[in-house]
Structure formats: structure tokens, C-alpha cells
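Data first, discussion second: the structure below is written as C-alpha cells.
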Amino acid sequence: MRHHTRSNPLGTYKHERLEPPITKGTTKVMTNLYFHVSSGAEWRFRRNITNPSFRTNVLMLFDDNIYHHSKVFVDQLGQHAGGGEVDIFVPVHLCYIDMTIENMCGIQLGGQENRLTRLSTAMSGVAEIIVERTFSILLWTDFVYSLTGKMKLLNQLVDENQSVPRSPKIYLDRLLDGFDAGGLTKDQIVADVLDLFFAGTITAAITTSWVFKYLALYPDTQERAYQEIKETCVDGEVKLNDVSKLTYIEMIIKETLRHVGTPLTSRNLTEDVKVRGNMTIPAGTNVVMCFHELHHDSQYWQRPGEFYPEHFSPANERRRPKGAFNAFLSGPRICPGNKYAMRAMVFLIASTLLRYKFSTDEKPPKDLREMEYRYVFMLYPLSGFRVKIRQR
Ligand code: HEM
């Protein structure tokens with residue numbers, strides 16, 4: 001754990017109600033224990049508790065941490081500059097682990113400073129297990145699942161909990177309020193924090209690593225992004241206030257999510273749904289929604305298989321029906337972290353590009369759908385996130 005070395009509005013204290021170890025039950029991936037897969041009144045209760053921790057007044061509190069952890073990342077990246085290709089995923093992931101766990105739970109992990117590489121590797125491994133378990137009916141019961149030896153790995157992940165009394169309250173404070181009010185169990189809180197570890201760090205890290213890889217593959221796009229940053233950030237440093245002006249960086253992130261964002265999700269229909277007027281899907285059906293197909297449908301995208309950030313120019317965004325882009329989903333189950341994630345990603349990417357240039361020996365395929373992927377919540381490149389880094 002790192003002690004506070006800078007001004008931090010959050011402070012830190014040990015929370016009595018969540019003493020370790022309370023890891024029992026963290027493996028019930030397919031049950032209502034987890035926020036992501038809970039439903040009905042159970043889900044609504046948890047969502048109502050945590051939603052306020054994503055409001056703008058709370059998000060603004062995080063700027064100091066976003067700035068600090070991004071700076072550590074950019075400085076540490078210097079050790080790879082000028083060398084051969086390196087896989088950038090683990091350093092990026094550690095940065096988001098530090099940022100998100102401090103912002104949402106008040107825990108200062110020091111993952112980057114202490115080079116907790118194993119934490120990132122273990123989390124990626126567990127993410128794959130979760131996906132594997134979702135698709136393999138043989139692994140659905142806890143008994144069979146425990147025989148695979150993977151339960152132990154999940155249980156090891158949560159071994160210390162801290163929170164802070166503050167106003168406005170952050171994510172973990174709200175969950176603890178739910179515990180005090182009697183609506184949430186300790187197991188559920190641990191599960192939700194674990195959920196956040198995955199939902200809030202792996203997704204942002206995969207997206208950002210892809211951005212660096214795409215920019216290495218497409219030098220013209222990288223140059224245009226760099227020019228935007230240089231013209232916007234006149235002091236030679238990116239400020240959090242600059243984020244809303246970095247519109248091309250935002251377009252690049254969205255185009256990245258179009259290609260490699262969550263490829264599918266599923267829902268259970270609570271009422272009959274009419275599709276295109278002539279087909280009815282009955283209530284009770286499990287429906288798989290394939291966003292990867294939607295995000296490459298030539299009805300909505302001029303160049304479906306290309307990396308073309310202009311898909312997200314204001315004119316193109318106006319022309320397209322709203323539901324055609326679903327990287328964060330929409331409706332009541334929209335990703336609550338979407339604004340926070342975009343703010344953190346734009347800032348980290350811009351700060352990095354201002355200092356470094358990316359390149360690669362890999363050649364981009366004609367159509368990005370021809371690339372080989374693994375499914376880890378999102379699409380992960382089989383060839384990894386290998387890039388060469390040069391100081392500007
Ligand atoms: C690039 C970054 C991110 C992407 C692409 C992303 C995407 C998504 C998607 C597609 C879902 C819906 C999944 C489903 O229902 O099947 C979701 C849910 C969720 N996300 Fe994110 N997310 C990102 C970052 C974050 C961050 C930073 C946080 C929190 C700090 C977060 C917290 C959550 C939570 C708690 C849910 C569950 C919401 C619910 O079921 O009501 N996400 N995310």
C-alpha cells in the first residue's frame with residue numbers, strides 16, 4: 001500500500017465492517033451475487049445505491065488521481081523507449097487498476113510503483129475463466145467449478161478492504177450504506193468490488209492498449225491525433241480541462257470500441273418482443289445480442305472493416321440511429337462507468353501521445369475483422385499489444 005504523498009481529497013481509514021477475509025461466495029459467477037448478472041428488484045436496489053457515485057460532482061473528485069496515475073504511467077513508459085517491441089497491456093492495466101480502485105474504493109494500491117504485474121496477469125486469467133464459465137455449461141455448478149482449481153484463484157483476489165467517510169460518497173461507501181441498511185450482504189459487497197475490478201479496469205485497459213496498437217498500425221491517424229493534442233494543450237502538458245476539447249482522440253476511442261468492444265451480451269425477455277413487425281420472441285427467451293455484427297453493419301458504417309475514426313465525426317453521428325453504437329449499452333443497464341472511463345482514457349492517451357510515438361512491424365490487415373482475437377469481455381488480439389515506443 002502506498003501512503004498519501006500528494007494532496008488527496010479522499011484521505012484513508014480502515015473500515016471496520018469489512019474486515020478480511022470475507023471471500024466466501026465470490027465465485028458464484030452465474031448467480032445473483034454479482035452485480036453484472038443480478039436482475040429484477042435485486043439489481044435495481046444495487047444500481048440505485050451505486051448510481052450516485054458516478055455523478056459529475058463525484059467524478060470531478062477523481063481528477064487528482066487520474067492525473068497522478070497517468071503521470072506515473074507516462075514516466076515509467078520511458079524505460080521501454082528506444083528499445084524493441086514490448087507488450088503494453090500490463091503497464092496500461094496496472095495504471096487503470098491504481099486509478100479505479102483508488103477512485104471507487106479509496107484504496108491506494110501502488111500497483112505501478114510496486115510493479116504488481118502478477119495482479120494484472122491474475123485478473124486477466126480470471127476474466128478468461130469467467131468468460132469460459134459463461135459458455136461452458138459443465139462449469140456452472142460451484143462443485144464442478146471448484147474441482148477445476150480455479151475457485152482458489154478467485155478467492156485469493158479479495159484480501160483487504162478499506163473505505164473512507166467523505167462527502168460526496170464514492171462507490172464503496174454507497175455499498176457499505178447498503179450493508180448498514182440491511183439490503184446488502186458482505187458477500188455481495190465483496191462480489192461487487194470484485195466486479196468493479198474487472199468491469200472498470202480490464203475494459204479500459206484493453207481499449208487503451210488497442211488505441212496504442214491501432215495508432216502504431218496507422219501512423220497518419222497517430223500524427224493527426226498528436227497535432228490535435230499539441231494545438232490544444234498549449235502548456236506542453238495535458239490538463240483535465242483539455243479533455244472535452246480533444247474530440248479526435250474521443251473519435252479514435254469510439255472507433256476502437258466499435259471494432260473490439262464487448263462483442264455480445266445476453267438478456268432474458270420479461271415480455272414478448274416484436275422484431276421488425278413480423279416476428280415475436282416470447283417472454284422467457286434468452287436473447288443474445290451481437291454488437292460486433294451491429295458495429296460492422298454496412299447500413300450504418302461507411303467503411304465497416306477499416307479503422308476510420310471519421311465514423312464518429314459530428315455529421316456522421318447525427319446521421320446514424322442512436323442504437324447503432326452500443327459500446328456501453330443503453331437504457332437502464334447502461335455502463336455506469338462510461339463517462340468516467342472516457343475521461344480517464346482520453347487523458348491517459350493524450351498524455352502518452354504527447355511524449356511518445358508508437359510504431360510496429362506488424363502490417364494492418366485489409367479488413368480488421370480478419371485479425372485473430374481472444375474473447376476476454378472484449379476482443380483481445382492473439383498477437384498481443386506489441387508496439388515500439390520512441391520519445392518525441
Ligand atoms: C472502456 C471501458 C468500459 C467499457 C467498454 C464498458 C462496457 C460495459 C458494458 C458493455 C456493460 C454492460 C454489460 C452487460 O450488461 O452485459 C457494462 C456494465 C457495467 N460497467 Fe462498464 N465498461 C467500461 C468501463 C467501466 C468502468 C470504468 C466502470 C466503473 C468504474 C464500469 C462499471 C460497470 C458496471 C458496475 C456495470 C454493470 C451495470 C449493471 O449491470 O447495471 N465500467 N460496462
Side-chain angles (χ1 to χ4, degrees), residues 29-30 32-55 58-59 61-62 65-66 69 92-93 95-107 127 130-131 134 170-172 174-175 188-189 191-211 249-250 252-268 286-292 294-295 323 325-349 375-380:
V29 179
M30 300 306 295
N32 266 2
L33 190 64
Y34 279 81
F35 190 4
H36 261 91
V37 288
S38 62
S39 57
E42 155 91 35
W43 163 78
R44 204 161 298 111
F45 177 71
R46 289 155 96 163
R47 185 81 196 215
N48 285 343
I49 288 181
T50 52
N51 261 350
S53 58
F54 292 98
R55 288 193 188 133
V58 183
L59 297 189
L61 276 183
F62 302 160
N65 291 335
I66 294 176
H69 295 300
V92 173
H93 190 201
C95 178
Y96 284 116
I97 290 175
D98 280 347
M99 246 186 227
T100 302
I101 299 309
E102 183 160 355
N103 287 332
M104 299 291 150
C105 305
I107 297 171
I130 292 172
V131 172
T134 310
I170 61 171
Y171 190 82
L172 183 58
R174 300 247 162 223
L175 292 176
Q188 283 172 321
I189 295 176
D192 284 355
V193 170
L194 199 55
D195 230 19
L196 199 75
F197 243 64
F198 294 108
T201 71
I202 292 198
T203 46
I206 293 180
T207 309
T208 303
S209 303
W210 266 115
V211 167
I249 305 287
E250 192 177 318
I252 289 172
I253 295 173
K254 287 182 176 168
E255 178 66 352
T256 300
L257 285 167
R258 181 177 76 83
H259 283 294
V260 295
T262 311
L264 51 89
T265 192
S266 65
R267 292 288 184 264
N268 186 268
N286 276 329
V287 179
V288 175
M289 297 173 285
C290 190
F291 301 126
H292 191 72
L294 180 67
H295 289 167
F325 181 60
N326 253 298
F328 294 101
L329 249 64
S330 44
R333 284 201 88 132
I334 189 172
C335 168
N338 72 85
K339 287 203 178 81
Y340 162 69
M342 284 306 285
R343 188 168 174 80
M345 289 191 296
V346 171
F347 186 79
L348 181 65
I349 291 165
Y375 177 24
V376 190
F377 297 161
M378 299 172 55
L379 298 184
Y380 198 103

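Residues take their numbers from the sequence shown, with the count starting at 1. One-based numbering, in listed order, for ligands and for the atoms of each.
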- prompt: Can R267 be said to touch ligand 1, with heavy atoms closer than 4.0 Å?
  reply: yes

- request: Using a 4.5 Å cut-off on heavy atoms from C-beta on, say whether the side chain of M104 contacts that of I170.
  value: no

- line: Quick look: P332 vs ligand 1, heavy-atom contacts under 4.0 Å, and the answer is neither

message: Pairs of nitrogen or oxygen atoms closer than 3.5 Å, one from Y340 and one from ligand 1: do any exist?
response: no

query: Y340: what forms a ring pair (Phe, Tyr, Trp, His ring centres under 6.0 Å) with it, not counting sequence neighbours?
result: F62

Sub-4.5 Å side-chain heavy-atom contact between S209 and H93: no

field: Geometric N/O contact T262 with ligand 1, under 3.5 angstrom
entry: no

- prompt: Polar-atom distance check: N326 versus ligand 1, any N or O pair below 3.5 Å?
  reply: no

query: Within a strict 4.5 Å, meaning less than it, do heavy atoms of the H292 and L264 side chains meet?
result: no

- request: Mind running side-chain contact (heavy atoms from CB on, under 4.5 Å) on R343 and L59 for me, showing each step along the way?
  value: CA-CA 9 Å; R343 188 168 174 80; L59 297 189; 5.6 Å; no

- prompt: How does T201 reach ligand 1, if at all, at less than 4.0 Å between non-hydrogen atoms: by side chain, backbone, both, or neither?
  reply: neither

task: Considering the heavy atoms of M345, write down every atom of ligand 1 situated less than 4.0 Å from one of them.
output: 1 (C)

- prompt: What do you reckon, does W43 put a non-hydrogen atom under 4.0 Å from ligand 1?
  reply: yes

task: Measure from atom 10 (C) of ligand 1 to every heavy atom in A327, P336, G200 and give the option owning the shortest one.
output: A327

- request: Test side-chain contact (heavy atoms from CB on, under 4.5 Å) on Y171 and V58 and set out the steps.
  value: CA-CA 10 Å; Y171 190 82; V58 183; over 6 Å; no

task: Indicate yes or no: at least one non-hydrogen side-chain atom of F54 is less than 4.5 angstrom from one of C335.
output: no

task: Would you mind listing which atoms of ligand 1 come within a distance below 4.0 Å of any non-hydrogen atom of L196?
output: 29 (C), 30 (C)

task: Check ligand 1 against T207 and write out every atom of the ligand that is under 4.0 Å from a heavy-atom position of the residue.
output: 1 (C)

Minimum non-hydrogen distance to atom 30 (C) of ligand 1, winning option of R47, M104, R343: M104

- line: Taking only non-hydrogen atoms of L257 and a 4.0 Å limit, the atoms of ligand 1 in range are 5 (C)

message: If you take the nearest heavy atom of each of M342, M378, R333, M99, which one is closest to atom 40 (O) of ligand 1?
response: R333

- request: Could you label the plane-to-plane angle of the H295 and F325 rings as parallel, tilted or perpendicular, counting under 30° as parallel and over 60° as perpendicular?
  value: tilted

- prompt: Who pairs with R44 by side chain to side chain contact (heavy atoms under 4.5 Å, CB included), at least two apart in sequence or on another chain?
  reply: N48

Those atoms of ligand 1 less than 4.0 Å from some heavy atom in T265: 14 (C), 16 (O)

Short side-chain to backbone donor-acceptor contact, W210 and G261, under 3.5 Å: no

